[in-house]
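Take a look at the structure below.
These values consider heavy atoms only, across backbone and side chains, with no hydrogens, waters or symmetry-generated copies.
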Amino acid sequence: MPPINKLIELRLQEAVLAVLPDADVASVLVRPCPDPKFGDYQTNALMGLAKARKLNPRQLAADVFARLNLTDLCERVEIAGAGFLNFHIKRQAQVAALEAAAAGGPLFFEPADKPRTVVIDFSSPNVAKAMHVGHIRSTILGDSLARTLRLLGHRVVTDNHIGDWGTQFGKLLVGWKLHLDAAALKADPIGEMERLYKLVNRLSEADPAVLEEARQELVRLQRGDEENLRIWREMIALSQVQFDTIYERLGVRFDVTLGESFYNPRLQPLVQELVGKGIAVESEGAKVVFFEEIPTLKAHPALVQKSDGAANYTTTDLATMAHRLETWKPDEIVYVTDGRQQLHFQQIFAVFQKWRSGEKVRLAHVWFGSILGEDGKPFKTRSGETIKLTDLLDEAAERALKTVAEKNPTLTEAEQREIARVIGLGAVKYSDLLPNRQSDYVFSWDKMLALNGNTAPYLQYAYARIRSIFRKGNVGAEAEAAPARILLDAPQEVALARRLLNFGIILEAVAEEYRPNFLCNYLYDLAGDFTAFYENCQVLKAEPESRASRLAICDLTARVLKQGLDVLGIETLEQM
RNA sequence: GCGUCCGUAGCUCAAUUGGAUAGAGCUUCUGACUUCGGAUCAGAAGGUUACAGGUUCGAUUCCUGUCGGACGCACCA
């Protein structure tokens with residue numbers, strides 16, 4: 001059975017169409033009430049419709065109300081305020097939904113009726129550089145969006161667009177050929193490559209001849225010089241080992257990893273095509289696309305070929321789009337990058353409009369703000385270096401370990417370490433996903449690892465506490481909880497049930513707006529509702545019928561918490 | 001100069017097509033353990049949503065202006 005809100009929504013849309021046959025009912029949605037005193041669900045869409053048609057909103061609400069038959073689901077439906085419809089769900093309908101989920105049915109969400117194919121481009125680290133804190137938001141956000149869309153039944157292609165081509169390889173090649181420390185490369189390949197780059201960078205600042213040499217090496221690489229290609233491929237391979245290690249640690253998976261260099265053969269034909277179609281024109285020796293018709297881009301033409309004849313990242317991104325369209329025929333391509341690239345994406349989307357105006361694909365730049373230090377400046381080490389991702393994850397686990405050892409000293413050290421790993425990783429991920437992605441946020445170990453407030457450890461604790469009930473009561477969750485009849489007596493039980501039922505609405509909002517923070521806030525609210533239930537409703541010592549019902553409610557809550565955290569890429573623990 | 005984003009409680013942050021009384025945590029104060037994990041919970045205090053206008057039945061949300069901040073603006077990606 002579809003979720004209750006969907007059933008109401010469908011019938012509401014039918015009723016609206018009966019009253020206003022030409023209305024666009026896609027925007028006629030049913031939402032949870034902000035305050036339970038209004039009911040369980042509401043719609044405010046009728047006021048919007050009335051406004052657009054200059055109708056009296058209360059009258060429209062009354063007309064729609066007259067066509068609505070919800071007696072099987074709702075105890076009552078009210079017209080309220082300026083034209084809200086408030087729906088009070090029958091207790092029995094809520095119970096039926098809970099029992100269906102407890103009996104193994106879907107967990108308060110259903111697969112999309114129109115599955116889409118979505119390519120998600122995120123993480124995008126650079127060859128020969130350590131992944132640092134700047135990569136974390138893209139990686140975590142992109143992974144979470146991919147997980148959400150997959151759970152909702154969409155076809156998702158995660159594509160890691162590695163930075164494996166560009167001018168930095170001139171300097172790297174000079175360094176590799178003249179200054180390579182083989183032992184250091186073996187011990188720490190990334191560290192050695194970073195050292196080489198910095199070294200040559202310094203040398204070329206002092207000596208123009210070094211800079212020229214780097215330029216020459218780059219040209220040789222671009223022309224296909226055998227030795228340079230070999231070295232370049234080795235740098236990529238060494239870097240990929242590092243990427244794989246970090247992604248495995250983070251639990252992030254890519255379906256496809258194609259570096260920028262993969263698209264090199266397509267660049268010149270692409271430029272020719274753009275010029276041939278009159279989309280790109282020559283300007284100051286370069287090939288440029290102008291946007292006279294777009295006010296915000298009028299002053300910002302896009303360069304697709306530099307005056308030296310080389311393509312740039314705009315060209316590469318366009319070639320990448322073409323490849324993705326041919327390969328997967330996506331309904332949607334999502335780019336998860338920081339907000340500083342907004343102009344760039346406006347440009348390539350606008351070029352794409354001119355170039356492939358027939359394509360229906362939805363292009364989305366899902367951008368995010370910066371991570372700041374406690375001083376409000378970009379997050380760096382004390383000495384001003386960028387913070388390496390491995391160091392960050394190590395420190396998270398270390399800090400978590402201190403707390404675990406203190407709170408739970410009876411566990412073995414191995415157990416403590418595993419718990420600390422999960423908590424530390426969860427804390428880092430959650431603190432990245434919780435803020436509205438477009439705002440900058442201040443990085444704080446103490447806040448993300450706190451056991452109070454809206455944090456991953458708090459949610460993991462809520463989960464562990466539920467699991468503890470089943471351990472203590474010596475009941476297997478499945479065995480005892482599944483067949484139970486559910487009773488909603490205490491107000492805390494009703495509130496918790498209402499929250500559980502809204503899981504699917506939240507998942508859909510996350511997928512629609514690309515905002516996992518909606519889910520974070522939902523899970524925190526859910527944990528709060530559970531705690532109120534936990535404080536007020538005895539489970540194990542309740543009368544048999546009530547006990548079985550409450551165990552089932554506990555199990556459903558645990559499952560939603562686990563599923564929700566999983567969508568955020570965060571693991572749960574049986575004990576912590 | 002132009003553009004994008006932002007300005008919400010002392011601090012860090014929320015707020016679901018514009019929606020009903022703007023919510024949390026931290027901090028401060030007051031309480032709650034013969035009860036399932038006190039790694040918890042309850043209560044109190046804290047607001048002219050930067051400012052001034054406008055649109056609307058209704059604005060943190062949309063429009064205009066001012067102030068303040070971050071970021072970006074053709075041959076790096």
Side-chain angles (χ1 to χ4, degrees), chain A residues 26-29 31-35 37-38 42 44-45 47-48 50-51 56-58 80-84 86 124 126 163 165-168 260 283-288 295-303 305-308 310 312-314 316-317 338-344 346-347 367 369-370 372 374 376 403-404 406-408 434-436 438-442 444 446-447 450-455 457-458 461-462 464-473 505-506 509 512-513 515 517-518 520-522 524-525 528 531-532 534-542 550 554 575-576:
Chain A
S27 62
V28 177
L29 302 175
R31 296 269 163 81
C33 285
D35 187 328
K37 80 177 179 201
F38 296 123
Q42 67 169 221
N44 58 37
M47 292 182 282
K51 170 165 270 188
N56 178 326
R58 283 210 51 123
F84 294 91
N86 289 333
S124 309
N126 295 312
W165 198 251
T167 52
Q168 73 272 26
E260 293 168 349
S283 169
E284 295 173 34
K287 302 285 193 292
V288 178
T296 52
L297 291 181
K298 206 167 175 180
H300 302 287
L303 214 73
Q305 186 180 79
K306 301 190 283 182
S307 51
D308 66 2
N312 65 355
Y313 74 132
T314 296
T316 308
D317 277 350
D338 73 90
R340 288 176 299 193
Q341 296 189 45
Q342 285 178 83
L343 178 58
H344 169 65
Q346 277 183 38
Q347 288 178 331
W367 60 269
S370 314
L372 307 177
E374 308 261 8
T403 311
V404 174
E406 178 190 320
K407 302 285 185 189
N408 229 333
L434 175 64
N436 181 323
Q438 288 174 334
S439 48
D440 296 346
Y441 79 93
V442 176
S444 162
D446 290 342
K447 287 195 172 106
L451 298 150
N452 262 338
N454 197 349
T455 67
Y458 177 84
Y461 174 68
R465 209 153 58 149
I466 299 175
R467 300 301 305 147
S468 168
I469 294 173
F470 286 87
R471 260 199 315 281
K472 192 103 176 181
I505 295 180
I506 300 299
E512 186 56 33
E513 307 278 325
R515 293 188 188 277
N517 66 312
F518 293 166
C520 296
N521 288 323
Y522 169 83
Y524 181 61
D525 289 338
T531 304
Y534 182 87
E535 296 279 325
N536 290 282
C537 306
Q538 270 295 317
V539 177
L540 293 175
K541 290 181 183 169
R550 286 175 178 176
C554 285
Q575 54 180 336
M576 57 187 276

I'd like the [atom1] distance from [M] over to [N], given in whole Å.
N	M	atom1	result
B:C6	B:A45	C1'	29 Å
B:U4	B:G58	P	28 Å
B:U64	B:C75	C1'	38 Å

Partners of A:His344 by ring-ring contact (aromatic ring centres under 6.0 Å, His included), sequence neighbours excluded?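 Here the qualifying residues are A:Tyr313.
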
To the nearest angstrom, how far is A:Asp440 atom CG from B:G69 atom C1'?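 Going from A:Asp440 (CG) to B:G69 (C1'), I get 10 Å.
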
Send over the distance from A:Leu434 CG to B:G25 P, rounded to a whole Å.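 Distance, rounded to whole Å: 13 Å.
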
Looking across every strand, which nucleic acid part, if any, lies under 4.0 Å from A:Asp338 by heavy atom: base, sugar-phosphate, or nothing?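 No contact.
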
Could you check whether A:Ser283 gets within reach of a base, just the sugar-phosphate, or nothing at all, counting any heavy atom under 4.0 Å?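 Base, at least one base heavy atom under 4.0 Å.
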
Out of B:C36, B:C41, B:C57, which has the shortest distance to the side chain of A:Lys51?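 The answer is B:C57, which lies nearest to the side chain.
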
Once each nucleotide of nucleotides 3-12 of chain B is scored for protein heavy atoms under 4.0 Å, what B/S/- sequence comes out, 5' to 3'? -SS------S

Report yes if at least one side-chain N or O of [X] is closer than 4.0 Å to OP1 or OP2 of [N]; otherwise report no.
X	N	answer
A:Asn312	B:A74	no
A:Arg515	B:A14	no
A:Asn454	B:A14	no
A:Asn44	B:U16	no
A:Asn517	B:A15	yes

Pull out every protein N or O sitting under 3.5 Å from an N or O of nucleotides 42-45 of chain B, one pair per line with the distance.
none

Taking N and O atoms by type only, does the side chain of A:Asn86 place a donor or acceptor under 3.5 Å from a partner on the base of B:A20?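 Such a pair exists between side chain and base.
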
